[in-house]
**Student:** 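Please see the structure below; I have some questions.
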Amino acid sequence: MGIDVVLLGYGAIGQAVHRMLGAHDGEVRVLGVLDRASLADPDPAALTARTTGPTGPAGPGSGPRVPVLDLATAIERADLVIECASPAAVRAHGPAITSAGTDLLVASLGALADGRLRAVLEAGPGRCHYSTGAIGGLDLIRASAGTINAIELRTRKLPAALLHPGLPGALRSAITRTAESGTAAPVFSGSVADAIRDFPSNINVAAALGLAAGDLDLVAVDIIADPAAAMTRHEITVRGEGGNYRFGIENFPDPANPATSALTARSMVSGVLRLAGCGPHFI
Ligand SMILES: NC(=O)C1=CN([C@@H]2O[C@H](COP(=O)(O)OP(=O)(O)OC[C@H]3O[C@@H](n4cnc5c(N)ncnc54)[C@H](OP(=O)(O)O)[C@@H]3O)[C@@H](O)[C@H]2O)C=CC1
Ligand SMILES: O=C([O-])CC(=O)C(=O)O
């Protein structure tokens, strides 16, 4: 028994998930990974026996090697594809996975701010699962869907964790100024869609909150660049007819990627184990 999985993306989260699933190989078998090169060249012959390995702080060669697969083989063999790449990867490859009947677990939930893509992925027949990622409390928000009036998310990260090549110039300057001044400052205020547009790999948690609430427009996002932020902080305030809720989540960043909370990989492993039927299950 157990389930067969493939990792879509093999960076900080993908490698951590792979390492952690090693302790559960009776329940979950990692068949291989999809990387940028294998996704760009659909010819399985081009990939014959190619493997990849960890590139994190533990150093090359210190962890298990894993086969690199082409997308068609991954879809055919896997029960579940674990996406831990980027919203762009969900857009590009998610529909092929779920429409072929293979399940998909998504970390890059920002992609699902696009209602049309969400509808395609949810049409199946493969199931699209949403990872709780770097936060908690989504069960409570889901249970309160339809009764929520507003959600505020205040995310505090290191300036270096917020910088990325596609950042608009004004935001880049604001974040760089914050880093140079040594003082924390707000750098973004806006909707989930705008946050995901400007910080696609940094604020998927905002989309998670909106998806759980059943309405992304309920979520207001503030991002603070804080040169002293040894931990990434997500402050979540929910106001609704059933009650008011506050969650303060302080995560250590993943050592391999300061933009990503280390909790994210653990959340994905927990989700995969649940899909493999390993309890306990909180529902
Ligand atoms: N829901 C949540 O709470 C969270 C979600 N995330 C999501 O998880 C993603 C992965 O995080 P992390 O592991 O830290 O990131 P990394 O940058 O460490 O690794 C991402 C890996 O995915 C690959 N990749 C990215 N885009 C594509 C693509 N379009 N096609 C193929 N491969 C691709 C990258 O390749 P290359 O190096 O060539 O770019 C890299 O190997 C983030 O981008 C973010 O969207 C992250 C944290 C929290
Ligand atoms: O890891 C985090 O704390 C949040 C994050 O990057 C995301 O939501 O994309």
Side-chain angles (χ1 to χ4, degrees), residues 6-19 33-42 52-57 66 68-71 74 81-94 96-97 105-113 129-138 153-158 160-166 188 192 195-212 219 221 223-224 226 229 231-236 247-268 270-271:
V6 166
L7 293 158
L8 167 50
Y10 200 58
I13 297 174
Q15 292 176 37
V17 168
H18 185 205
R19 265 194 315 275
V33 307
L34 294 157
D35 67 8
R36 213 178 269 279
S38 74
L39 288 162
D41 185 350
T52 188
T55 55
V66 61
V68 178
L69 303 176
D70 65 285
L71 185 60
V81 173
I82 304 170
E83 179 280 325
C84 39
S86 62
V90 177
R91 280 192 288 276
H93 309 296
I97 295 165
L105 172 61
V106 178
S108 301
L109 292 173
L112 304 184
H129 302 283
Y130 302 172
S131 176
T132 55
I135 56 172
L138 292 162
L153 169 68
R154 276 170 68 83
T155 290
R156 188 176 285 263
K157 282 194 182 188
L158 284 170
L162 293 169
L163 291 170
H164 64 92
F188 175 92
V192 172
I196 295 295
R197 180 199 60 211
D198 291 340
F199 299 95
S201 289
N202 251 312
I203 199 78
N204 289 279
V205 289
L209 293 168
L211 291 165
V219 185
V221 184
I223 300 176
I224 295 133
D226 182 355
M231 301 176 92
T232 292
R233 183 164 176 83
H234 301 292
E235 287 168 33
I236 300 159
F247 307 98
I249 291 148
E250 281 185 349
N251 283 322
F252 285 109
D254 190 306
N257 182 357
T260 288
S261 294
L263 173 66
T264 313
R266 291 193 199 101
S267 295
M268 299 200 84
S270 166

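Each ligand, and each atom within it, is numbered from 1 in the order the structure gives.
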**Student:** How far is atom 1 (N) of ligand 1 from its nearest protein heavy atom, and which residue and atom name does that atom have?
**Tutor:**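 Of the protein heavy atoms, Ala107 O, 2.8 Å lies nearest.
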**Student:** Would you mind checking which non-hydrogen protein atom is closest to atom 44 (C) of ligand 1, with the distance to 0.1 Å?
**Tutor:**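 Result: Asn204 ND2, 3.3 Å.
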**Student:** Got the closest protein heavy atom to atom 3 (O) of ligand 2, with its distance?
**Tutor:**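 Nearest protein contact, heavy atoms only, for atom 3 (O) of ligand 2 is Ser261 OG, 2.5 Å.
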**Student:** Mark up the atoms of ligand 1 that fall under 4.0 Å of a heavy atom belonging to Val205, in ascending order.
**Tutor:**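 Result: 3 (O).
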**Student:** Is there a protein heavy atom less than 4.0 Å away from atom 12 (P) of ligand 1?
**Tutor:**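 There is a protein heavy atom less than 4.0 Å from atom 12 (P) of ligand 1.
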**Student:** Taking both backbone and side-chain atoms of Glu83, is any N or O found less than 3.5 Å from an N or O belonging to ligand 1?
**Tutor:**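 No, Glu83 has no N/O under 3.5 Å of an N/O on ligand 1.
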**Student:** Which atoms of ligand 2 have any heavy atom of His234 under 4.0 Å away?
**Tutor:**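 Under 4.0 Å from His234, ligand 2 has these atoms: 2 (C), 3 (O), 4 (C).
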**Student:** So which heavy atom in the protein is nearest atom 9 (O) of ligand 2, and how far is it from that ligand atom?
**Tutor:**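 Checked against all protein heavy atoms, atom 9 (O) of ligand 2 sits closest to Asn204 ND2, 2.9 Å.
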**Student:** Tell me: protein heavy atom nearest atom 5 (C) of ligand 2, and distance?
**Tutor:**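 Its nearest protein heavy-atom neighbour is Asn202 O, 3.2 Å.
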**Student:** Quick one: which ligand 2 atoms are inside 4.0 Å of a heavy atom on Lys157?
**Tutor:**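 Those atoms are 2 (C), 4 (C), 5 (C), 6 (O).
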**Student:** Under 4.0 Å from a heavy atom of Thr260: give me the atoms of ligand 1 that qualify, with their elements.
**Tutor:**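 Under 4.0 Å from Thr260, ligand 1 has these atoms: 11 (O), 12 (P), 14 (O), 46 (C), 47 (C).
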**Student:** With heavy atoms of Ala134 as the reference, note each atom of ligand 1 found under 4.0 Å away.
**Tutor:**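 Matching atoms, with element in brackets: 2 (C), 3 (O).
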**Student:** Heavy atom of Pro87 under 4.0 Å from ligand 1?
**Tutor:**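 Pro87: in contact with ligand 1 (<4.0 Å).
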**Student:** Answer yes or no for Ala92: is there a heavy-atom contact with ligand 1 below 4.0 Å?
**Tutor:**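 No; Ala92 lies far enough from ligand 1 that no heavy-atom distance drops under 4.0 Å.
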**Student:** Counting heavy atoms only, which part of Ser201 comes closer than 4.0 Å to ligand 2: side chain, backbone, both or neither?
**Tutor:**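 It is the backbone that touches ligand 2; the side chain stays farther off.
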**Student:** Taking the inter-plane angle between the rings of His18 and Tyr10 on a 0 to 90° scale, is it parallel (under 30°), tilted (30 to 60°) or perpendicular (over 60°)?
**Tutor:**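 Because their plane-to-plane angle lies in the 30° to 60° range, the rings of His18 and Tyr10 count as tilted.
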**Student:** Applying a 4.0 Å heavy-atom criterion (strictly less than), which segment of Ala208 is in contact with ligand 2: side chain, backbone, both, or neither?
**Tutor:**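 Neither part.
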**Student:** With a cut-off of 4.0 Å, which atoms of ligand 1 are near a heavy atom of Gly9?
**Tutor:**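 In order of number, 22 (O).
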**Student:** Run down the list Ala37, Ala85, Ala40, Ala12 and name the one with the heavy atom closest to atom 9 (C) of ligand 1.
**Tutor:**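 The residue whose heavy atom sits nearest atom 9 (C) of ligand 1 is Ala85.
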**Student:** Closer than 4.0 Å to some heavy atom of Thr260 - which atoms of ligand 2 meet that?
**Tutor:**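 Heavy-atom distances to Thr260 below 4.0 Å select 1 (O).
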**Student:** Is there a nitrogen or oxygen of Ile203 sitting under 3.5 Å from a nitrogen or oxygen of ligand 2?
**Tutor:**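 Yes: some nitrogen or oxygen of Ile203 is under 3.5 Å from one in ligand 2.
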**Student:** When you measure from atom 7 (C) of ligand 1 to each heavy atom in Gly11, Ser261, Ser108, Ala16, which option holds the nearest one?
**Tutor:**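 Nearest heavy atom to atom 7 (C) of ligand 1 lies in Ser108.
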**Student:** So which protein heavy atom does atom 28 (C) of ligand 1 come closest to, and at what separation?
**Tutor:**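 It is Ala89 CB, 3.6 Å.
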**Student:** At a 4.0 Å threshold, what atoms of ligand 1 neighbour a non-hydrogen atom of Ser86?
**Tutor:**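 Matching atoms, with element in brackets: 25 (C), 26 (N), 27 (C), 29 (N), 43 (O), 45 (O).
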**Student:** Looking at ligand 2, is there an atom of it that comes within less than 4.0 Å of some heavy atom belonging to Gly133?
**Tutor:**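 The answer is no, since Gly133 has no heavy atom less than 4.0 Å from ligand 2.
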**Student:** Below the 3.5 angstrom mark, is there an N/O of Thr264, backbone or side chain, next to an N/O of ligand 1?
**Tutor:**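 No, there is no polar N/O contact under 3.5 Å.
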**Student:** Just which atoms of ligand 2 are under 4.0 Å from any heavy atom in Ala134?
**Tutor:**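 The list of qualifying atoms is 1 (O), 2 (C), 3 (O), 4 (C).
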**Student:** Is Thr232 touching ligand 2 with its side chain, its backbone, both, or neither, if touching means heavy atoms under 4.0 Å apart?
**Tutor:**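 It is the side chain that gets close, since no backbone atom is under 4.0 Å.
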**Student:** I'd like to check whether Arg36 has a polar contact with ligand 1, where a contact means an N/O of the residue lying under 3.5 Å from an N/O of the ligand.
**Tutor:**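 Arg36 vs ligand 1: N/O contact under 3.5 Å present.
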**Student:** What is the distance from atom CG of Leu7 to atom CG of Asp35, rounded to the nearest 0.5 Å?
**Tutor:**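 Rounded to the nearest 0.5 Å, the CG-CG separation comes out at 11.5 Å.
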**Student:** Starting from atom 8 (O) of ligand 1, what is the nearest protein heavy atom, named by residue and atom, and what distance separates them?
**Tutor:**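 For atom 8 (O) of ligand 1, the nearest protein heavy atom comes out as Ile13 CD1, 3.4 Å.
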